[in-house]
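Everything below concerns the one structure shown next.
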Amino acid sequence: MKRLLENLLNDCRHYTADGRLASYIPELSKVDRNDFGISVANGAKELSFAGDHDKKFTMQSVAKPFILLLALMDSGEERVHDLVGVESTGKPFDAFNYSDLALKRDHINPMINTGAIALCTLIKGETYKDRFDRLLDLMKKVSGNESLEVDEAVFRSETETGNKNRALAYMLKAYGMIEDDAEEVLYCYFRACSIRMTADDLAKMARVLAFRGKDPVSGEQIIRPEYARYINAVLMTCGMYDGSGEFAVKVGIPAKSGVGGGIMAVVPGRMGIGLYSPALDSKGNSIAGIKALEKLSRELDLSIY
């Protein structure tokens, strides 16, 4: 497997020159566009990797499945589904795509910014700091990495420049979809996006989702199986922004990308995959990361279809 992964990186590395960094978050423009790493965690407790697999980057939208997970754990599937839908919007992740006179749950899903911001209100805690701390603890548990932390420089950059997300939060409040203070909700959301991890961490998190919420290393059932299924289904239809349909055809596995360059991919019953390459396409997905997943899917027959 290691040799296969090294070959994949060599074959796909030239795609890093075709992408762009997420410069609208100033701190993200400081990363090396040539970074490229991959990690695979299988059910036999093995971790295979190549390239910059242990280089830290911020999760950005890869945090959204875990915001959804904790909302499900705290508030239940019915309450979550009442607030946000599960249909792909076909729009960019940060779009103001609400042409109706009123914002409705059918217009948003948990994998776009509007939906994830709304779901932060379904996480339990006396303050939004408490809610975020519980979210971080959950990610530590799923990844098996107790050292996960926030990149404070990225958090400040997000807070200072995230006016589009701020507008989305206030729009949610204006339409009565959230009742709490918008700035407090955004504190939780921005900090979630600013959590640092590696491709190794993402692969281990994906592995838990691949085995219906059970960590095959420890044997612990971390996530209820029905919640793991829920998340994987949403990842399949909505996880790769407005490129989810093409990704389903070419790769065929549940996955979530983030503008920090990470991709978490789930191969049900087989493995979890983590990738990092911060050069992005126009949709906000890692170009080299997707190309590597296309090749890996063909090589190992990973598609669920």
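Lys56 pairs by the side-chain hydrogen bond (donor to acceptor under 3.5 Å, both in side chains) definition with nothing, not counting sequence neighbours. Residues satisfying the side-chain hydrogen bond (donor to acceptor under 3.5 Å, both in side chains) criterion with Lys141, sequence neighbours excluded, are Glu220. For Asp133, the salt bridge (Lys or Arg N to Asp or Glu O under 4.0 Å) partners two or more places apart in sequence, or in a different chain, are Lys129. Scanning for side-chain hydrogen bond (donor to acceptor under 3.5 Å, both in side chains) contacts around Lys2 gives an empty result, with sequence neighbours left out. For Glu184, the side chain to side chain contact (heavy atoms under 4.5 Å, CB included) criterion is met by Tyr128, Asp181, not counting sequence neighbours. Legend: residues meeting salt bridge (Lys or Arg N to Asp or Glu O under 4.0 Å) with Lys30, ordered by chain and number and at least two apart, are Glu27. The salt bridge (Lys or Arg N to Asp or Glu O under 4.0 Å) check on Lys291 picks up nothing, with sequence neighbours excluded. Evaluation of the side-chain hydrogen bond (donor to acceptor under 3.5 Å, both in side chains) rule for Gln60 yields Thr58, Glu158 as partners, not counting sequence neighbours. Contacts of Ile287 classified as side chain to side chain contact (heavy atoms under 4.5 Å, CB included), with partners at least two apart in sequence or in another chain: Tyr15, Asp18, Asp281. Residues satisfying the salt bridge (Lys or Arg N to Asp or Glu O under 4.0 Å) criterion with Asp215, sequence neighbours excluded, are absent altogether.
Within the structure, no pair that satisfies the salt bridge (Lys or Arg N to Asp or Glu O under 4.0 Å) test touches residues 252-262, not counting sequence neighbours. Residue pairs meeting the salt bridge (Lys or Arg N to Asp or Glu O under 4.0 Å) criterion with at least one partner in residues 31-40, sequence neighbours excluded, are Asp35-Lys55.
Between Phe57 and Tyr276, the angle of the ring planes stays under 30°, which puts this pair in the parallel group of the 30/60° scheme.
For Tyr187 and Phe155, the ring centers are positioned less than 6.0 Å apart.
Judged by distance alone, with hydrogens and angles left aside, the side-chain atoms of Arg131 form a donor-acceptor pair with the main-chain N or O of Ile123 at under 3.5 Å. A donor-acceptor distance shorter than 3.5 angstrom exists from the side chain of Arg134 to the backbone of Lys124, with no hydrogens or angles considered. Remark: side-chain polar atoms of Thr16 are not paired, donor with acceptor, to backbone N or O of Asn34 under 3.5 angstrom. Ser244 places a side-chain N or O within donor-acceptor distance of the main-chain N or O of Tyr241, the cut-off being under 3.5 Å. Of the possible donor and acceptor atoms, one in the side chain of Ser75 sits under 3.5 Å from a partner among the backbone N and O of Leu122. Between the side chain of Asn232 and the backbone N or O of Ala210, no donor-acceptor pair lies under 3.5 Å.
Cation-pi contact between Arg191 and Phe132: present, with separation from the ring centre below 6.0 Å and deviation from the ring axis of at most 45°.
At a cut-off of 3.5 Å, with distance as the only test, a side-chain donor of Asn163 or Arg166 sits close to an acceptor on the other residue. Using a 3.5 Å distance cut-off with no hydrogens or angles, the side chains of Ser194 and Asp151 do not pair a donor with an acceptor. Side-chain atoms of Thr198 and Asp54 form no donor-acceptor pair, as typed in the model, at a separation below 3.5 Å.
Annotation: the span from Glu226 atom CD to Ile223 atom CD1 amounts to 11.0 Å, rounded to 0.5 Å. The CD1 atom of Ile273 sits 5.5 Å away from the CG atom of Leu302 when rounded to the nearest 0.5 Å. Ser157 contributes atom OG, which lies 12.5 Å from atom CD of Glu152 (distance to the nearest 0.5 angstrom).
Checked options Val266, Leu69, Val267; the residue passing with Leu209 is Val266 (criterion: side-chain contact (heavy atoms from CB on, under 4.5 Å)).
Salt-bridge check for Asp74 with Arg79: failed, with every basic side-chain N at 4.0 Å or more from each acidic carboxylate O.
The closest side-chain heavy-atom distance from Lys250 to Leu293 is not below 4.5 Å. Using a 4.5 Å heavy-atom threshold, the side chains of Pro278 and Leu28 count as separate.
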Please evaluate residues Asn113 and Lys64 with respect to the criterion side chain to side chain donor-acceptor pair (under 3.5 Å), reporting the C-alpha separation (whole Å), side-chain torsions for both, the decisive distance (0.1 Å), and the verdict. CA-CA 8 Å; Asn113 294 14; Lys64 289 172 180 171; 2.6 Å; yes
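Using a 4.5 Å cut-off between side-chain heavy atoms of Ile, Leu, Val, Met, Phe, Trp and Tyr, with links allowed through other members, Val142 and Ile263 fall into different hydrophobic clusters.
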